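This report concerns only the one structure given below.
When a residue number appears, it is its place in the shown sequence, counting from 1. Worth saying up front: this structure is predicted, and the values here are computed from it rather than measured.
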Amino acid sequence: MTDGTENHISGGVLFSLVVQGQTVTLTLPNRPDPALAGLPRRSATFAGRHNELAQILAALAPATPGEANEAEGTVMVTGLAGTGKTELVLQAAHRALHDQTWFPGGVLFVDLHGYDAERRVTPKRALGTLLRALGIPPEHIPPGLEERVLVYRSALGALAAAGRRVLVVLDDVSATRHVRHLLPSDGSTATLVSSRHSLADLDALALTLRELPADEGRELLGDALRTALPDDSRMADEATEAGRLVALCGGLPLALRILASLLVDVPSRPLSHLRRDLADAHSRLSVLSREKRAVTAAFELSYRRLTKEQAKLFRLISLHPGPDFSTEATAELSGENLRKTERLLLDLARRHMVEPRDPYGRWQQHSLVRLYAREQLVSDDGAWGKALMRLLAHFHRMTTLACESLFHPARTRPAAESAFTDRAEALQWLEAERHTLVAATLWAHDAGDDLVCVALAVPVSKILMETRYLEDAGRVLSAGIRSCRRRKDRFHEASLLSALGVVLRDKRKLRRSVRAHHKAIKICKGLQERQALASALNNLGLSLHEQRRFEQAVASHTEAAQLFKRTGDRIGVARALSNTGETLTELGRTEEAAHSLRKAAKIFRKQGDLRAYAQALGSLAKATRDDGKAEQAIELHKRALDLADGLLTPHERSVELSNLSGTLTAAGEFEAALTAQQEALTTFRQLRDRRGEAMALGNMALVRQKQGRWNKAVRLHTLALEAFLEGKDDHGLASELENLAFALLQQGCNIEALENLELAADLYRQTRDTERAVDTLNVVDQVRRRIGVGMRPVESRM
């Protein structure tokens, strides 16, 4: 008598295995069982994810005869709850099964409910389901996990060897340990896995789903709506509102499908009505709910799986004011050390509760996840107010240190207090944190924390002004000014008003700029703050200069210099003298300008302010050039640039290079002039300074005129005109029109040249440059006489 059991079924795929000491030979059915051929229904609407779908299908495709398919095996699709992982997997599986040559053995699908404690399917239970679907008789399904794994893998291997390859789909896997027993081992059976975890330790093609881009989000919302209501036209009728809805949902597919259902429920409901409901951040998550489908419920399943430390950090992250955040800032927020904070962030990233960004060390949280985390934070008993104060104090300290590195690099701090090794590192930090710093300042104002708002507004606005983020600087300063008024802090109100005047000047809103300075001056006089008054007068002079009210500008700078002298502020005196010199240069009083600038440069050098000294030398070079001493001016420019290497901000260096180029042009060194101007132009474009870009282009055009290359000159002048229009510099625009006209005359375009000259004359008149207006109209008359066009009286143009 033999000790064994044999089971023979005719017709099918046979394989043998040993279970508990018995040899069992099983025959799998020739045709797939209905369970093998079935998949959950895929959605009729599928938008975006086309690249990911193509990658999955390429990995699932069987190898070409005689070739190994290196991509064949396991594909894992991971991402935040609601990003459409299951839908992508189902779309790929259905399309793969459509080609009967890929998976003639059918498909095995199991939803493991990995994040639902009540419905979670264990590997042992899942294997029982899979073995039954494979046609294994219940009496031959072993009770133990490892034995079930053996039968499962043997069956799949036998099917693959018999040309009946099976596709295994494992949905909603919670962790690697829960999926390893379910992975085939034959090297031919393909597997699709979806999870909210980053299952990076699997040997698999890894695809991480993010939110949908705006256009694909609109496509998904529109397709879902039209599938239910084919004649619905709301997406087309309210295209702008549709875009806003997608943005408010953060491009999350689950949220968009819920929105589509809400719109289908009430066909008469306008998109604008739903958008207004979503716009309120406090109620957004509650709106994104319909019957058993809710964004909050999806996030809740992930949140419950976090450890106590992970959950605490997850909640605190919602306090970050900007669109992204750094590990260092999060450590300050949590009160933990940097290493522990980084570990916890990585834990959250593996669960897609946060997402890493480039460069490493920066992170982002989906907007809806952040709202969910904030709800958990508010309902928690923790003292999160202290955490927020730590974060804001961190931003204030770091911004202050960055200002020192940027504007006073010669000042050294002890290594323990130094946050930045050099100016480049400070600029890099500021660029990374710019949005956060702006958001933090505005949040403090909106929250009524006026002291914090003002404390942040002072250094943050200074940084934004110097790095040419003028819109952001204006918002920060306006918030700071309003907070000062609520606190009745007149001193800082005056300071911020004066800074706002500088921003408005750079934005070419000159009338508003002058008004802001006058308000600051009035406050300073009332407070009898002479040094603050001197600074306000000095800044007023700069705006008057841009209005071409040169005599008033000189008077303002002169008064500022006297006040600085009375307060013993030597650097302030030098700054006022330097500004006076630049205005005198514009007035053509080059000898007086040079005298004032030399005095300023001497003070800067004695006081050790090399950055300001270099700028004064550059201004002196311009006065020297206008005095007809181009060679001497070139040497001054070069001294300024060499001396200030690493001290000037990128914008300051570009201005100096542009001035050097003008001097090189005057000296006939055209190629060197173009090289300097090109470097300046590149930086102006990087800094979004359209006026600086316009001046650089115009100067390059003048070089081309000197070279007799008229076509290139006209093209450059045209580009400069566009930039001057955007830069809102009417006087610069007038000068450019005049220069373009001369180039057009050389090409015989006389009528077009006349039109430009007449426009230039009008603009000169509007900008108070009467002398240039008259000179330009004289040229108009000369051209008209030369080409025989009727003249207009000069009086009618003035």
Side-chain angles (χ1 to χ4, degrees), residues 32 34-58 60-61 75 77 79-100 102-103 106-111 113 167 169-172 192-194 207 209-239 241-243 245-246 249-269 271 274 287-295 297-298:
L36 279 174
L39 266 178
R41 181 175 177 270
R42 61 176 170 174
S43 174
T45 59
F46 181 71
R49 313 298 190 209
H50 300 298
N51 290 335
E52 293 89 345
L53 181 60
Q55 288 180 279
I56 294 174
L57 293 175
L60 296 181
V75 179
V77 179
L80 173 69
T83 50
K85 301 179 293 298
T86 298
E87 184 59 42
L88 175 60
V89 165
L90 290 177
Q91 291 285 342
H94 276 282
R95 297 186 193 205
L97 287 173
H98 184 70
D99 189 330
Q100 296 181 1
W102 282 26
F103 297 103
V107 62
L108 291 172
F109 177 90
V110 60
D111 185 349
H113 299 289
L167 172 62
V169 180
L170 305 173
D171 189 33
D172 201 20
L192 283 177
V193 181
S194 76
L207 301 176
L209 300 190
R210 314 289 185 192
E211 61 271 20
L212 289 172
D215 56 340
E216 294 178 1
R218 285 193 297 270
E219 181 186 354
L220 175 60
L221 181 59
D223 287 352
L225 187 56
R226 285 188 294 272
T227 297
L229 302 172
D231 296 328
D232 197 294
S233 62
R234 281 175 286 181
M235 291 292 292
D237 295 341
E238 298 182 82
E241 294 292 353
L245 283 174
V246 173
C249 290
L252 191 71
L254 172 61
L256 293 170
R257 289 187 181 276
I258 292 173
L259 281 188
S261 298
L262 295 173
L263 290 167
V264 170
D265 285 340
V266 187
S268 61
R269 187 179 192 179
L271 300 189
L274 188 53
V287 173
L288 293 172
S289 174
R290 183 181 180 274
E291 297 182 354
K292 293 184 179 181
R293 299 181 75 190
V295 170

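- Put simply, the side chain of R234 never gets that close to the backbone of A242: no donor and acceptor are under 3.5 Å apart.
- Residues satisfying the side chain to side chain donor-acceptor pair (under 3.5 Å) test with H113, not counting sequence neighbours, are R119.
- Note that CZ of R49 is 10.0 Å distant from CZ of R210, once rounded to the nearest 0.5 Å.
- Proximity of L288 to L252: side-chain heavy atoms (C-beta onward) are nowhere separated by under 4.5 Å.
- Distance CG/L39 to CG/L167: 7.0 Å, rounded to 0.5 Å.
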May I have the list of side-chain donor-acceptor pairs in residues 216-231 shorter than 3.5 Å, sequence neighbours left out?
unit_1, atom_1, unit_2, atom_2, d
D223, OD1, R226, NH2, 3.2
T227, OG1, D223, O, 2.7

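- Smallest separation of non-hydrogen atoms from A92 and L192: CB-CD1, 4.3 Å.
- Shown here are the side-chain contact (heavy atoms from CB on, under 4.5 Å) partners of D265, two or more places apart in sequence or in another chain: L262, R290.
- Atom-to-atom distance recorded for E238:CD and L271:CG is 4.0 Å, nearest 0.5 angstrom.
- With rounding to the nearest 0.5 Å, the separation of CG in L88 from NE2 in H50 is 10.5 Å.
- With sequence neighbours excluded, the residues forming a side chain to side chain donor-acceptor pair (under 3.5 Å) with S233 are D237, listed by chain and number.
- When all heavy atoms are compared, the tightest approach of V169 to A93 is CG2-CB, 4.2 Å.
- Counting heavy atoms from C-beta on, the side chains of W102 and L57 come closer than 4.5 Å.
- Atom CD of E52 sits about 6.0 Å away from atom CG of L209, to the nearest 0.5 Å.
- Here the OG atom belonging to S194 is positioned 6.0 Å from the CG atom belonging to D172, to the nearest 0.5 angstrom.
- Looking at heavy atoms from C-beta onward, F103 lies in side-chain contact with L60 at the 4.5 angstrom threshold.
- Evaluation of the side chain to side chain donor-acceptor pair (under 3.5 Å) test over residues 79-90, restricted to residues two or more places apart or in two chains, returns T86-D171, E87-Q91.
- Here the closest non-hydrogen pair linking P253 and G82 is CD-O, 3.3 Å.
- Annotation: salt bridge (charged side-chain N to carboxylate O under 4.0 Å, His left out) contacts of R269 (sequence neighbours excluded): D277.
- With contacts defined as side-chain heavy-atom distances shorter than 4.5 Å, the pair V246/L212 does not qualify.
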Self-check item: Derivation of the side-chain contact (heavy atoms from CB on, under 4.5 Å) call for S43 and R257
Solution: CA-CA 11 Å; S43 174; R257 289 187 181 276; 3.2 Å; yes
